[in-house]
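Presented below is the structure to which this report refers.
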Amino acid sequence: TANTITFATGGGGIIALDNANAGNTIFGQYSALPTGGSGSYANTGIGQGACGGMTAPNAHSNTAIGALTASIISGSNNITIGALTMRYLTSGENNTVVGTKSFGNSSATSAANNSVLGYNSGVNATTATNNVIVGDNTAASLVAGSQNILIGSGVDLPGATDGSNMLNIGGAITGSLTTGPALMNGFTATTQSSGDNSTKIATTAYVNAATSGLAPSASPTLTRSEAH
C-alpha cells in the first residue's frame, strides 16, 4: 500500500515500515501493522508477536520490545521490554514495564500508570494502577491495588495482601503511606547532641544521657490528721 513497506519473511514473519499510519515500525514473526486507521501512530514493536494486536484507531506511542509482549489494541504511551511482559495488555495506558514476564497476568488488560523494573514482578496484577515496583519477583500479591511503592527482591505488599497506598522498601521500612510506615526493629540512628530541643528523633542513647543526672524524686511523707 502507499507509504508502507512490508517484507514477508516466511513462517508468519514480517518486517514492516509504515508511513501511511504515521510512522509505525514492526519487526517480528506474527507481528502486524495497526489496522485501525490513521489514528494508530508512532508505535514500535520488535519481537515475535510484539505490539501485534492493534485494531482500534487510537493506539499510539507504544514501544514493545520482546517476544509476545503487549498485544495492545487501543492503549497508548506504553513501554514494555522483555519477553511476555504485559503480554495481554490491550487498553491500558502510560505503563513502563521492564522485565521478562512482569505484569503478564492474562487479566492484566487495562493496568495503567505503573512503573515496573524487574523480572517476574506483579505477575498477578490485573487492574493495578499508579504503582512503583522495583526488584525481581516483587509484588506477588498485587492485583488491583494502586499508589503502592515496593522496592527490593521478592518484596511484597505488607501482609501479602492486595491493597493501596502501601510502602515496602526491602522489608526494612513498611506500612501505610497514609498513616505512616514503620522502621524494622533494630534500626539505628544518629544520637543528637546534648540539649538538642528540636523535633529530631531521639535515640535511647540520647534519652539515657539526658536523664542520667536526674535525681529520683523523694517519696512524699504522708501524715494523718484525726478529727476530735
If the condition is side chain to side chain contact (heavy atoms under 4.5 Å, CB included), which residues does [X] pass it with, not counting sequence neighbours?
{"X": "Asn120", "result": "Lys101, Val123, Asn137"}
{"X": "Thr161", "result": "none"}
{"X": "Ala125", "result": "Phe103, Ala128, Leu142"}

What pairs of residues pass the salt bridge (Lys or Arg N to Asp or Glu O under 4.0 Å) test when at least one of them lies in residues 149-173, not counting sequence neighbours?
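Qualifying pairs: none.
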Between Thr69 and Thr80, is there a side-chain donor-acceptor contact under 3.5 Å, judged purely by atom types and distance?
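Result is yes, a qualifying pair exists.
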Assess, by modelled atom type and distance only, whether the side chains of Ser164 and Gln147 contain a donor and an acceptor separated by less than 3.5 Å.
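Distance-only check fails for Ser164 and Gln147.
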Other cluster members, Leu84 - Ile/Leu/Val/Met/Phe/Trp/Tyr, side-chain contacts below 4.5 Å
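Members other than Leu84 - counting any ILVMFWY side chain reachable under 4.5 Å - are Leu68.
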With ILVMFWY side chains joined below 4.5 Å, transitively, what does Val143's cluster contain besides itself?
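Result for Val143 is none, singleton.
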What pairs of donor and acceptor atoms, side-chain ones from residues 175-182 against any protein atom, are under 3.5 angstrom apart with sequence neighbours left out?
residue : atom : partner : partner atom : Å
Ser176  : OG   : Thr178  : N            : 3.0
Ser176  : OG   : Thr179  : N            : 3.3

Flag, side chain of [X] to backbone of [Y], donor-acceptor distance under 3.5 Å:
{"X": "Asn43", "Y": "Ala59", "answer": "yes"}
{"X": "Asn62", "Y": "Gly75", "answer": "yes"}
{"X": "Asn131", "Y": "Asn148", "answer": "yes"}

Same cluster (ILVMFWY, side-chain, under 4.5 Å), Ile173 and Ile149:
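Same hydrophobic cluster.
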Residues in side-chain hydrogen bond (donor to acceptor under 3.5 Å, both in side chains) contact with [X], at least two apart in sequence or another chain:
{"X": "Thr191", "result": "Thr203"}
{"X": "Ser102", "result": "none"}
{"X": "Asn113", "result": "Asn94"}
{"X": "Ser198", "result": "Asp196"}

Which pairs count as side chain to side chain donor-acceptor pair (under 3.5 Å) when at least one residue sits in residues 81-92, sequence neighbours excluded?
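Not a single pair qualifies under side chain to side chain donor-acceptor pair (under 3.5 Å).
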